[in-house]
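One structure is given here, and the rest of the page talks about it.
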Amino acid sequence: MSALGILTGILANNIFQSIWLCCIVVEPRHGRKTTAAISVGISFVYTFVALAICLLCFRMFSVPVGIFVGYVVGIVVYALTFCLVLSASHPVKSLFLYTGYYSVYTIILIVVAVVTDTYTLGNGVVWILRAVLNLAVLIWYLFYFKERLFRLYHEMRSNYGVMSIISGMCLLIETLFMFYNMKMGRRELFFDVLLLVSCTFTIAVYVVVFHYMAHFDHITRMKQLQANEKFLQAQIDSYKKMGENAKQTRHDFRHHTMVVMEYAKNKDYQAILSYLSEYDKNERGKYQAAFCRNHAADTVLSAYASRCEQSGIEISADVHLEESEEISDYDLVTILANILENSVNGCMEADGKRRVDISIGPRGSKLVIVCKNACAGDIPFEDGLPKNREREGIGVESILSTAAKYNGVVDFSASDNTFVCQVILNNKKKTDKY
């Protein structure tokens with residue numbers, strides 16, 4: 001095999017890698033142009049590194065060994081680039097996505113090797129077939145699967161370590177099968193069947209994994225809907241109360257008119273002004289928001305203030321929030337309801353004084369929510385997130401996923417029997433860079 005043939009094969013392989021790396025970044029660290037530039041740059045550099053590795057191993061060992069070493073080094077180089085440079089997700093979470101892609105890419109190489117009866121880098125026809133299959137899978141991914149993957153991958157907040165191990169094992173198995181095929185140097189029907197069965201098994205594993213992710217996403221969304229349902233009911237109740245107040249106002253208006261008329265007959269204008277001032281104050285008090293002018297937020301805060309009062313929990317609120325077009329009421333209710341739900345639960349487990357302090361207000365182009373509550377002194381954390389040992393909570397995941405819609409930041413901390421949750425939202429929804 002000539003150096004030109006090796007270089008052509010490596011270059012074609014790396015072109016596929018750079019294209020795929022740009023397309024599979026679900027939570028990008030950089031913009032589209034920067035991501036593409038990094039991917040192309042790494043592919044360009046690695047092309048010559050892989051060529052040197054292959055030529056050296058060809059002379060010292062054999063062609064399959066050289067290709068195997070170059071291929072493994074490529075996996076490591078691209079994995080580090082994707083997980084640490086291109087993706088903003090947790091490295092282990094990014095590794096799951098990368099190994100899943102590379103498993104599919106290896107399956108394509110195996111299928112083409114079996115169909116074309118080839119063992120090494122292959123000729124022009126082999127690379128054309130690989131390009132066609134890669135293009136077909138890429139089109140399917142971009143137009144059918146990427147949007148679904150974005151939601152499932154984004155909602156994956158736990159257990160991604162286990163899934164990364166499973167995905168890595170699938171990649172390892174396919175890689176070993178592929179290079180053992182190179183070492184054989186001749187076709188055997190049984191081994192070809194074994195290769196195809198291993199590919200089918202790997203695809204089945206990923207189908208099960210993504211089915212599990214979809215099931216978890218469905219459960220998460222159902223719990224979010226259940227959590228929001230009672231606050232929508234509280235909002236309906238507040239409207240009913242407003243209607244009852246309006247009805248009472250209409251009923252009492254005749255009596256108030258009689259009093260004013262009596263003052264007018266006596267030409268007691270000061271008494272009229274005083275009475276009307278008191279009347280206006282009482283009527284505005286019936287309809288004035290308890291915490292803020294944002295009705296959705298006020299409803300949630302009022303509901304939890306009532307719950308805190310019933311549970312013997314002191315609550316202090318410093319809220320400066322108007323009606324917002326940038327942040328939807330649904331998302332605002334989701335964040336506030338889960339924060340306050342966790343706060344009340346934390347207070348119920350605390351010893352001593354039970355108190356919740358929440359502040360909400362704009363800071364430039366951002367909305368800042370800070371909630372502090374009394375808590376037990378031994379809250380466990382994992383990857384910076386609080387874990388509940390007694391029940392399977394969904395509140396933290398709901399806060400994180402909703403905040404991500406606005407490119408937000410969420411921080412949890414606990415010290416001196418005080419738990420703090422801070423959420424910073426951009427007052428403009430995040431637009432997908434891809």
Side-chain angles (χ1 to χ4, degrees), residues 9-10 12-27 39 42-43 67-68 70-72 74-83 86-87 89 92-116 118 121-122 126-153 156 160 163-182 192 194-214 434:
I10 294 174
N13 179 77
N14 289 344
I15 289 175
F16 295 153
Q17 305 302 327
S18 60
I19 294 174
W20 271 107
L21 285 183
C22 292
C23 293
I24 65 173
V25 181
V26 176
E27 296 176 340
S39 301
I42 290 295
S43 297
I67 297 176
F68 177 78
Y71 193 81
V72 171
I75 291 177
V76 174
V77 169
Y78 285 114
L80 293 175
T81 302
F82 181 81
C83 297
L86 299 181
S87 177
S89 306
V92 177
K93 186 178 178 181
S94 300
L95 185 62
F96 161 73
L97 189 60
Y98 175 80
T99 52
Y101 143 69
Y102 226 104
S103 294
V104 174
Y105 182 75
T106 306
I107 288 173
I108 292 175
L109 296 181
I110 291 175
V111 171
V112 173
V114 172
V115 172
T116 60
T118 54
L121 292 176
V126 171
W127 280 109
I128 290 175
L129 183 57
R130 290 171 181 170
V132 170
L133 289 177
N134 271 277
L135 183 62
V137 175
L138 183 62
I139 292 174
W140 172 81
Y141 167 77
L142 292 175
F143 289 94
Y144 176 76
F145 191 62
K146 185 174 182 179
E147 184 176 350
R148 299 184 181 187
L149 176 64
F150 175 81
R151 188 182 72 250
L152 298 178
Y153 181 82
M156 187 172 64
Y160 48 76
M163 288 189 283
S164 294
I165 293 175
I166 295 173
S167 182
M169 291 297 295
C170 289
L171 174 59
L172 177 62
I173 291 172
E174 296 306 319
T175 302
L176 292 177
F177 266 118
M178 183 179 68
F179 285 101
Y180 187 74
N181 175 65
M182 291 184 182
D192 285 348
L194 188 60
L195 285 174
L196 297 177
V197 168
S198 70
C199 294
T200 304
F201 175 78
T202 298
I203 294 173
V205 169
Y206 282 109
V207 169
V208 172
V209 168
F210 283 112
H211 177 75
Y212 165 78
M213 293 171 62
Y434 290 81

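- To the nearest 0.5 Å, the span separating CG on Leu129 from CD1 on Ile108 amounts to 9.5 Å.
- In this structure a side-chain-to-backbone donor-acceptor pair under 3.5 Å is present from Tyr141 to Cys23.
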Exercise. Could you go step by step and tell me if Val104 and Tyr206 meet the side chain to side chain contact (heavy atoms under 4.5 Å, CB included) rule?
Worked result: CA-CA 10 Å; Val104 174; Tyr206 282 109; 5.6 Å; no
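- We find the CD-CG distance between Glu174 and Leu195 to be 8.0 Å, quoted to the nearest 0.5 Å.
- In this structure, CG on Leu172 lies 13.0 Å from CD1 on Ile165, to the nearest 0.5 angstrom.
- Taking OG of Ser198 as the start and CD1 of Ile107 as the end, the distance is 7.5 Å to the nearest 0.5 Å.
- The backbone N or O of Thr99 lies less than 3.5 Å from a partner atom in the side chain of Ser103, making a donor-acceptor pair.
- A distance-only check finds a donor-acceptor pair linking the side chain of Thr200 to the backbone of Leu196 [under 3.5 Å].
- Within 6.0 Å of CZ in Phe145 there are more than 12 heavy atoms belonging to other residues, nucleotides or ligands.
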For this session: Evaluate the side chain to side chain contact (heavy atoms under 4.5 Å, CB included) criterion for residues Leu138 and Ile19: first the C-alpha distance (whole Å), next the side-chain angles of each, then the deciding distance (0.1 Å), finally the verdict.
Result: CA-CA 9 Å; Leu138 183 62; Ile19 294 174; 3.8 Å; yes
For this session: Could you check Leu171 against Ile75 for side chain to side chain contact (heavy atoms under 4.5 Å, CB included), going step by step and ending with a plain yes or no?
Result: CA-CA 10 Å; Leu171 174 59; Ile75 291 177; 4.3 Å; yes
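- Annotation: side chain of Trp20 is in contact with side chain of Asn134 (closest heavy-atom distance under 4.5 Å).
- Minimum heavy-atom separation, Asn14 to Ser43: O-OG, 3.3 Å.
- The minimum heavy-atom distance between Gly100 and Ser167, with the atom names listed, is N-OG, 3.1 Å.
- For Tyr98 and Tyr102, the gap between ring centers is short of 6.0 Å.
- Expressed to the nearest 0.5 Å, how far OH of Tyr78 lies from OG of Ser18 amounts to 6.5 Å.
- Note: Gln17 CD to Tyr101 OH = 3.0 Å, rounded to the nearest 0.5 Å.
- Between Tyr105 and Phe16, the ring planes are perpendicular. Angles over 60° get that label, and only those under 30° would be called parallel.
- No donor-acceptor pair under 3.5 Å is formed between the side chain of Ser164 and the backbone N or O of Leu95.
- Between Phe82 and Ile24, some side-chain heavy-atom pair lies under the 4.5 Å cut-off.
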